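The shown structure was predicted, so the numbers you read here are calculated from the model rather than taken from an experiment. Order of listing sets the numbers, starting from 1, for every ligand and every atom in it.
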Amino acid sequence: MSEDRNLKQSITVIKGIGEETAEALADMNIFSVEDLLEHYPFRYEDYRLKDLTEVKHEERLTLEGKVQSEPSLVYYGRKKSRLTIKLLVDHFLIQVIFFNQPYLKNKIQLNDTIQVTGKWDMHRRTITASEMKMGPSNNKETLSPVYNVKGSVTIKGIRRFLQLAIQQFGDQIVETLPPHLLSKYRLPSRKESLRMIHFPSHDQDIKQARRRIVYEEFLYFQLKMQALRKFEREQSQGVIQNYDLKKLKGFLDSLPFPLTNAQKRVVNEILSDMKSPYRMSRLLQGDVGSGKTVVAAIGLFASISAGFQGALMVPTEILAEQHADSLKELLFPFNIHCELLTSSVKGKRRKEILERLQIGEIDVLIGTHALIQDEVHFHKLGLVITDEQHRFGVGQRKVLREKGENPDVLFMTATPIPRTLAITVFGEMDVSIIDEMPAGRKSIETYWAKHDMLDRVLVFMEKELSKGRQAYVICPLIEESDKLDVQNAIDVHATLITYFQGRYDVGLMHGRLSADEKDTVMKAFSQNELQVLVSTTVVEVGVNVPNATLMIIYDAERFGLAQLHQLRGRVGRGSEQSYCILLANPKTEIGKERMQIMTETNDGFVLSEKDLELRGPGDFFGKKQSGVPEFKLADMVHDYRTLETARNDATLMIQSEEFWQSQAYAALREYLHKSDVLKGEKLD
Ligand code: ADP
Ligand code: MG
């Protein structure tokens with residue numbers, strides 16, 4: 001497509017953009033004509049004249065009127081000034097204030113017609129103006145796009161460059177959506193949309209252009225993910241694991257409880273993947289306590305009954321030990337050998353484990369990232385399970401997968417990922433959800449207390465401890481900080497030691513301790529040698545101390561809802577009623593709402609949806625590691641309906657013969673080629 005390639009050319013082909021400008025634009029990641037055209041405005045300044053009777057308080061607007069008074073200028077403070085004039089707008093006399101623009105005094109004369117743009121104060125009938133134009137409005141430049149800019153590039157500059165780009169290349173913007181989709185959703189063409197989003201004449205232009213561009217971004221993204229999944233499934237030869245159904249039933253009968261319906265469902269999904277020649281790539285989501293471990297054990301059992309080995313990788317040593325203990329207990333009666341491999345397993349013992357693994361004497365290896373080291377060789381690896389998968393980098397998971405010949409992979413996570421995110425971030429995986437708790441589980445009672453209620457909280461804590469129970473106390477920081485006025489673990493630890501005066505033992509845990517030190521503290525707590533554990537969020541993942549019934553979280557407003565829910569999941573693991581107390585003085589309405597909803601629901605999915613809504617997708621997993629895709633215009637939360645539509649359309653397309661042949665889809669196929677999906681390469 002030669003015309004299309006025109007848009008891929010460097011922006012220097014635009015007449016009026018020289019090397020220097022190109023360099024400044026490169027700093028904003030704008031290299032080609034297309035990059036420039038896809039540098040969308042993030043809002044619009046509305047310069048259309050408004051009828052004053054329709055304007056709301058504090059609204060930003062542009063007014064035109066006749067100056068009724070000489071401008072009066074007052075200086076105050078250092079270099080600060082206020083210029084006031086009276087302006088007649090239609091029949092209303094209003095006041096206009098300009099801050100720190102004293103030079104306007106000589107520009108504005110009595111009886112001039114001017115336009116001012118600013119914020120309207122309905123009660124004072126005053127507009128605080130940031131911009132002024134002489135003369136009547138020619139009513140042309142009405143909606144003016146506002147762009148992100150950087151360095152020497154200005155918003156006006158971007159607008160000018162875009163004008164030039166459209167002038168020169170407007171006719172060469174080719175359509176990238178097939179005609180039937182354009183007509184099905186009544187979407188404007190790509191050419192029209194790009195023009196309208198940058199140079200709108202009405203609100204409708206923006207709306208229509210946005211509708212198309214958002215849909216297109218989602219559709220392309222979904223096509224990429226789904227094509228990837230299709231190729232992963234069809235091209236990569238997985239292992240066929242013919243498990244022994246009779247033995248497996250025997251194992252299920254040996255469990256001390258019947259599976260919940262949700263567990264049964266996900267077990268079936270996993271087993272059917274394992275039996276198929278496709279390589280399984282499945283995400284298992286289930287709230288804390290929903291019983292993922294036993295599902296993992298069933299998968300491992302099946303794999304071993306088919307003659308393979310299994311591996312379980314977890315992020316911390318403590319978790320590895322806990323998993324090793326529970327798997328040994330479940331699997332040992334069936335003559336299945338589980339071993340633990342962490343960095344603390346050293347010397348002769350390590351050597352022996354590695355040897356036995358390689359000749360297939362060990363059936364299941366459980367461990368931390370120690371599992372992916374070069375020296376670890378499996379005899380016949382069939383199933384890899386990772387727990388809390390988003391804590392491992394994509395690279396680490398890949399290495400583990402490569403330890404076998406395309407073993408099936410199951411990623412387990414207790415972070416309930418909102419549907420919206422799941423279908424975007426994990427679009428190339430299959431997803432299984434355990435959405436049901438084992439029967440008879442008591443729900444944790446959650447309370448929100450202000451910091452000045454701490455005394456009462458401590459009395460409550462002492463009451464729980466006196467019943468022989470244990471408590472966690474979580475703080476956002478390790479030690480005092482001059483920047484943040486929040487509780488730190490070291491101070492709280494000292495305070496509680498003083499408070500309990502030896503009646504109970506208080507331990508301290510944080511990320512700066514060595515792995516050994518952490519282990520020692522954690523063991524002491526799990527053996528009830530410590531009754532109280534003050535900690536930062538390092539205890540968040542997976543730790544299991546059923547006798548702990550109280551979770552106190554300082555400065556709870558600083559944590560995400562999903563994270564609070566994870567922390568809360570450390571209690572409520574035994575048969576006793578458990579409690580979670582959030583100590584928080586949130587300053588914002590959103591902060592208050594977040595605390596409130598924590599007290600109202602124990603459902604991780606409800607909370608995660610709410611978290612996403614309140615904080616946005618970028619914040620959801622924290623940091624970049626999450627792999628949350630970035631769209632230029634689309635917003636996963638706001639445009640979520642469109643995302644679902646695009647996903648369904650993508651599914652239909654990928655499945656259809658026509659998609660792979662018809663001319664109408666040429667642009668989409670080319671896109672997939674470009675993103676390497678059709679070459680069957682992994683996109684990380
Ligand atoms: P998580 O999903 O957080 O990893 P676990 O697998 O640790 O949850 O399970 C939590 C507890 O629930 C364990 O003590 C486990 O034995 C128990 N459990 C799991 N499934 C069931 C079930 N179907 N019925 C009753 N208890 C169950
Ligand atoms: Mg678990």
Side-chain angles (χ1 to χ4, degrees), residues 248-249 251-271 282-301 310 312-316 318-333 338 364 366 368 385-392 410-417 431-444 470 472 522 526 537 539-549 551 562-578 580 602-605 607-608:
L248 192 60
K249 283 202 167 133
F251 176 58
L252 294 180
D253 287 340
S254 80
L255 296 175
F257 43 73
L259 295 183
T260 62
N261 286 326
Q263 282 170 321
K264 281 183 201 157
R265 192 184 61 237
V266 305
V267 162
N268 281 328
E269 288 165 354
I270 292 166
L271 290 180
R282 187 171 281 281
L283 179 74
L284 174 61
Q285 283 183 257
D287 214 335
V288 184
S290 62
K292 292 185 294 298
T293 311
V294 69
V295 171
I298 295 168
L300 291 167
F301 187 100
L312 175 63
M313 185 159 85
V314 300
T316 65
I318 302 169
L319 258 185
E321 282 172 27
Q322 283 185 358
H323 272 299
D325 287 346
S326 38
L327 287 178
K328 275 179 191 164
E329 197 180 312
L330 287 167
L331 299 174
F332 187 71
C338 301
V364 180
I366 298 135
T368 53
I385 303 179
T386 70
D387 199 4
E388 293 308 329
Q389 61 94 23
H390 64 271
R391 294 189 175 246
F392 291 109
L410 181 68
F411 308 100
M412 303 200 294
T413 177
T415 308
I417 299 159
V431 180
S432 289
I433 300 176
I434 309 184
D435 51 5
E436 180 186 359
M437 285 288 177
R441 195 66 58 78
K442 284 201 178 68
S443 74
I444 301 162
Q470 289 164 273
Y472 293 96
M522 207 55 228
S526 66
T537 54
V539 293
E540 189 188 338
V541 179
V543 172
N544 190 24
V545 181
N547 191 46
T549 55
M551 166 63 65
Q563 200 179 11
L564 288 173
H565 183 62
Q566 285 276 315
L567 288 167
R568 176 167 66 182
R570 296 310 104 219
V571 298
R573 303 177 82 85
S575 51
E576 303 300 334
Q577 178 61 52
S578 286
C580 174
N602 269 304
D603 185 328
F605 283 95
L607 286 171
S608 71

Checklist outcome for this item: A student comparing Leu255, Leu259, Thr293 should find that the heavy atom closest to atom 7 (O) of ligand 1 comes from Thr293
Checklist entry - Would you call Thr386 and Met412 a side-chain contact if the rule is heavy atoms closer than 4.5 Å? => result no
Checklist entry - Picking from Ile385, Val314, Val364, what satisfies side chain to side chain contact (heavy atoms under 4.5 Å, CB included) with His323? => result Val314
Checklist entry - Where on Gln263 is there a heavy atom closer than 4.0 Å to ligand 1, on the side chain, on the backbone, on both, or on neither? => result side chain
Checklist entry - Is the closest heavy-atom distance from Gly286 to ligand 1 below 4.0 Å? => result no
Checklist outcome for this item: So the atoms of ligand 1 within less than 4.0 Å of a heavy atom of Thr260 turn out to be 23 (N)
Checklist outcome for this item: When rounded to the nearest 0.5 Å, the distance separating CZ of Arg570 from CD of Gln470 is 14.5 Å
Next on the checklist: I need the Arg568 CZ to Met551 CE distance, nearest 0.5 Å.
Outcome noted: 10.5 Å
Checklist entry - Is a salt bridge present between Asp287 and Lys292, judged by a nitrogen-to-oxygen distance below 4.0 Å? => result no
Checklist entry - Would you say Ser290 touches ligand 1, if touching means a heavy atom closer than 4.0 Å? => result yes
Item to check | Ligand-side contact atoms (ligand 1) for residue partner Asp287, heavy atom cut-off under 4.0 Å | outcome: 2 (O)
Checklist entry - What's the spacing between Leu300 CG and Cys338 SG if we round to 0.5 Å? => result 7.5 Å
Item to check | Element-labelled atoms of ligand 1 that are located less than 4.0 Å from some non-hydrogen atom of Pro258 | outcome: 22 (C), 23 (N), 24 (N)
Checklist entry - Is the closest N or O pair between Gly289 and ligand 1 shorter than 3.5 Å? => result yes
